[in-house]
J.: 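Below you'll find the structure I mean.
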There are 2 protein chains.
Amino acid sequence: MQENKKLAVLTEPTLAEAAVLIEKAFAQRRTLIVAGNCHVHYVGRARSTLEPGERLLIIKSDGSLLVHRPVGYEPVNWQPAGSIFHVQIKEDGLEVYGVRQKPRESVRVTFAGIYMVSSLNLSDSGDFLLHASEEEMHRAILLKPELLEEGFKPISWEKKVEPGFVDIYGEDKNGKFVIVEVKRKTASKEAALQLAKYVEPIKAKVNREVRAVLVAPSLGKDVQRMLVTLGLEYKALDPKVCAEVLKKSENSKLESFFNDKS
Amino acid sequence: MQENKKLAVLTEPTLAEAAVLIEKAFAQRRTLIVAGNCHVHYVGRARSTLEPGERLLIIKSDGSLLVHRPVGYEPVNWQPAGSIFHVQIKEDGLEVYGVRQKPRESVRVTFAGIYMVSSLNLSDSGDFLLHASEEEMHRAILLKPELLEEGFKPISWEKKVEPGFVDIYGEDKNGKFVIVEVKRKTASKEAALQLAKYVEPIKAKVNREVRAVLVAPSLGKDVQRMLVTLGLEYKALDPKVCAEVLKKSENSKLESFFNDKS
DNA sequence: ATATGCATGTCGCAC
DNA sequence: GTGCGACGTGCATAT
């Protein structure tokens with residue numbers, strides 16, 4: 001087999017044949033896919049056992065591991081990047097063992113039978129861009145403060161104030177202090193409480209009137225009422241609208257603005 | 001190709017050849033793996049673009065989709081179970097399109113080149129058991145209340161009391177009311193606050209002295225001090241110790257106990 | 001190293 | 001369906 005080929009596949013291999021390819025994949029830091037009948041043991045922060053069944057094992061070049069059942073978005077077992085792997089033929093089958101430190105934890109995947117092994121040399125430097133995140137909402141409001149309200153002047157953002165971080169603060173057209181909590185989806189009770197807990201400490205600090213505004217695309221069931229109780233305000237704002245705002249504005253303006261973070 | 005074979009693999013197929021196998025995999029609800037050079041667009045709750053690069057695409061029989069880069073534990077793009085997929089040859093390559101309702105969102109993966117396609121018929125009914133979860137800590141304390149303290153008598157658990165759920169409550173050897181918040185890892189500021197917010201409402205309700213105990217394997221940096229301030233107590237307890245306790249006790253006892261949930 | 005909060009979080013459970 | 005909290009959450013960031 002050519003060492004540097006992009007792809008090596010074995011179908012219905014013996015366990016011994018599979019072990020050779022797997023070993024080689026580890027040594028060459030290739031992406032490994034194994035399909036077969038296996039059971040799994042995990043010991044670490046918690047402990048788990050997975051009885052025999054047919055699954056996919058994926059091990060990437062950065063030392064991350066995934067065991068996927070034939071259903072479900074999430075891996076049933078995994079190991080984050082930075083694990084070290086070994087493969088070995090044992091009495092009950094081919095064992096792939098992965099261990100990492102900090103925290104110390106290990107996964108042992110034992111295959112009784114293997115349907116396919118695939119070793120791939122993948123190269124990927126493509127950019128990934130995500131839009132309509134909460135951070136984009138922050139940026140959009142800072143860039144166009146009227147998204148919050150006419151006359152709003154941002155002063156700072158992501159500011160530590162005890163007992164946590166305020167998303168954005170500034171002052172309104174009447175010079176009142178305004179603190180803003182931003183959520184990219186329906187605001188929950190939690191969000192309202194999170195905002196409320198900043199009001200008193202900040203009022204004490206700046207020694208003037210403080211308005212608190214919850215910004216989110218919508219409000220949860222009981223949150224409307226809670227806002228009234230807590231003396232908070234609400235401004236509807238959709239993350240996608242924010243993404244559009246940023247898209248329209250040229251980057252240069254944004255960059256200069258952000259370099260001035262106070 | 002045998003229709004019902006467990007495994008079908010194409011290496012270095014043309015896009016047209018790949019499309020046939022992918023189409024068939026969708027129709028037969030098989031697990032699909034595609035390795036190749038692709039770009040990805042996602043639109044839904046947010047919006048993302050992934051520039052061309054070599055990745056794995058996995059689509060499972062339940063309609064979940066994963067796009068994995070050669071590094072990282074997490075998929076760069078995905079779709080939870082319940083999506084509908086189509087495959088089509090377009091001008092810029094082979095397009096796999098997946099869409100789901102509620103929320104309405106879609107992923108479009110376009111392959112310029114495919115190195116491997118694999119269609120698998122996986123069967124998996126193996127049990128998965130996780131130990132040392134927070135729920136096991138609950139169970140262990142209910143089964144052996146002395147894990148919390150000598151003379152503790154649990155009354156109920158997972159009880160709605162406004163403004164949320166109390167993990168466990170009961171009374172101590174002196175008849176004082178005890179509410180318990182359990183954490184499976186180092187308790188944070190949040191955990192302490194979460195516990196504290198129940199004390200007053202419950203005191204008002206039961207109209208007698210209320211103790212509040214935070215149970216966790218350890219405490220965060222400032223939490224110790226906060227506990228004093230808030231008048232809360234702390235009991236060190238490791239989730240793995242709880243798992244051991246449960247392991248030693250026979251299931252029958254546990255079952256009967258839990259059927260009596262009040 | 002620890003702490004804090006976002007995530008296309010996902011998932012399960014109760015109302 | 002909505003709400004709420006756990007998760008072996010992972011992850012980035014700031015201290």
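These numbers come from the heavy atoms of this one structure, side chains and all, not from hydrogens, waters or symmetry mates. The model shown is predicted, which means the values in this text are computed figures rather than measured ones. Per chain, numbering begins at 1; letters A, B, ... match sequence-line order.
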J.: What integer distance in Å separates B/Q79:CD from C/dC11:P?
T.: 12 Å

J.: Figure out the CD/P separation between B/E74 and D/dC11, and round it to whole Å.
T.: 5 Å

J.: Any side-chain heavy atom of A/V182 sitting closer than 4.5 Å to one from A/D167?
T.: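 Yes - at least one pair of side-chain heavy atoms lies under 4.5 Å apart.
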
J.: Quick one: is D/dT9 close enough that its OP1 or OP2 comes under 4.0 Å of any side-chain N or O from B/K185?
T.: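 So the side-chain polar atoms of B/K185 do come within 4.0 Å of the phosphate oxygens OP1 or OP2 of D/dT9, strictly under.
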
J.: Counting N and O atoms only, with roles assigned by atom type, does the side chain of B/Y198 sit under 3.5 Å from a partner on the main chain of B/F165, one being a donor and the other an acceptor?
T.: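 Yes.
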
J.: Measure up the A/F177 and A/Y169 rings against each other and bin them: parallel (under 30°), tilted (30 to 60°), perpendicular (over 60°).
T.: parallel

J.: 5'-most contact on DNA chain D: A/L219 or B/G72, nearest heavy atom basis?
T.: A/L219

J.: Identify which nucleotide among D/dC4, C/dT8, C/dG5 has an atom closest to any side-chain atom of B/Y42, counting heavy atoms from C-beta outward.
T.: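 Output: C/dT8.
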
J.: As a test of reading the structure: which of C/dT4, D/dC11, D/dG3 is closest to the side chain of B/Y73, going by heavy atoms?
T.: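 Shortest atom-to-atom distance from the side chain points to D/dC11.
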
J.: So if I take every side-chain heavy atom of B/E190 and compare against D/dG5, C/dG5, D/dA6, which nucleotide ends up nearest?
T.: C/dG5

J.: Which nucleotide, D/dG10, D/dG1, C/dT8, lies nearest any side-chain atom of A/F128?
T.: C/dT8

J.: Classify the nucleic acid contact of A/S133 as base, sugar-phosphate or nothing, counting any heavy atom under 4.0 Å across all strands shown.
T.: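 Result for A/S133 = sugar-phosphate.
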
J.: Distance check: side-chain N/O of A/R45 vs OP1/OP2 of D/dG10, anything under 4.0 Å?
T.: yes

J.: Regarding A/R184, tell me which of base, sugar-phosphate or nothing describes its non-hydrogen contacts under 4.0 Å with the strands shown.
T.: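 Sugar-phosphate contact only - A/R184 comes under 4.0 Å of backbone atoms but never of a base.
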
J.: Is A/W78 close enough to D/dT9 that one of its side-chain N or O atoms is under 4.0 Å from OP1 or OP2 there?
T.: no

J.: Send over the distance from A/L50 CG to D/dG8 C1', rounded to a whole Å.
T.: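 One finds 14 Å between C1' of D/dG8 and CG of A/L50, rounded.
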
J.: Over how many whole Å does the gap from A/E105 atom CD to D/dG8 atom P extend?
T.: 11 Å

J.: Do B/C242 and B/L237 make a side-chain contact, defined as non-hydrogen atoms from C-beta onward lying under 4.5 Å apart?
T.: yes

J.: For the P atoms, the ones on C/dT4 and on D/dG8, what distance do you get once it is rounded to whole angstrom?
T.: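 C/dT4 and D/dG8 have their P atoms separated by 23 Å.
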
J.: Considering heavy-atom distances to DNA chain C, does B/V107 or B/S188 have its closest nucleotide positioned more toward the 5' end?
T.: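 So the residue in question is B/S188.
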
J.: Output the rounded distance in Å from CG (A/D222) to P (C/dA14).
T.: 19 Å

J.: Return the pairing partner of D/dG8 with a 3.5 Å limit on both distances, Watson-Crick or G-U wobble; otherwise return none.
T.: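 Its partner is none (no Watson-Crick or G-U wobble pair with both distances under 3.5 Å).
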
J.: Looking at D/dA6, I'd like to know if its phosphate oxygens (OP1 or OP2) sit under 4.0 Å from a side-chain N or O belonging to B/K183.
T.: yes

J.: So A/G220, base contact, sugar-phosphate only, or nothing? Heavy-atom distance under 4.0 Å.
T.: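 Result for A/G220 = sugar-phosphate.
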
J.: Among C/dA7, C/dC11, D/dG8, which nucleotide has an atom closest to any side-chain atom of B/P80?
T.: C/dC11

J.: Tell me whether the rings of A/H68 and B/H68 are parallel (<30°), tilted (30 to 60°) or perpendicular (>60°).
T.: perpendicular

J.: Thinking salt bridges, do B/K144 and B/E244 make one under a 4.0 Å N-O criterion?
T.: no

J.: For nucleotides D/dC4 and C/dT8, find the distance between their P atoms and express it as a whole number of Å.
T.: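 Their P atoms lie roughly 22 Å apart.
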
J.: Ignoring backbone atoms, test whether B/K189 places a side-chain nitrogen or oxygen under 4.0 Å from the OP1 or OP2 oxygen of C/dT4.
T.: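 So the side chain of B/K189 is within the cut-off, an N or O lying under 4.0 Å from OP1 or OP2 of C/dT4.
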
J.: Looking only at heavy atoms, what is the nearest atom pair of A/D238 and A/P217, with distance?
T.: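 So the two residues come closest at CA-CB, 4.3 Å.
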
J.: D/dG8 C1' sits how many Å from B/H131 NE2, rounded?
T.: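 Atom-to-atom, B/H131 to D/dG8, this comes out as 13 Å.
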
J.: Rounded off to whole Å, could you give me the CD-to-C1' distance for the B/Q224 and C/dT2 pair?
T.: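 So the CD-C1' distance, B/Q224 to C/dT2, works out to 17 Å.
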
J.: Provide, to the nearest angstrom, the distance between the CG atom belonging to A/D167 and the P atom belonging to D/dT13.
T.: 16 Å

J.: If you take atom types as modelled and just measure distance, does the side chain of A/N77 reach the base of D/dG8 with a donor-acceptor pair under 3.5 Å?
T.: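 Donor-acceptor pair under 3.5 Å: yes.
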
J.: Given that A/K102 and B/R47 both sit by DNA chain C, which one's nearest nucleotide is further toward the 5' end?
T.: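 Looking at the nearest nucleotide for each, A/K102 comes out on the 5' side.
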
J.: I'd like to know if A/Q194 reaches the base of C/dG5 with its side chain, counting only an N/O donor and acceptor under 3.5 Å.
T.: no

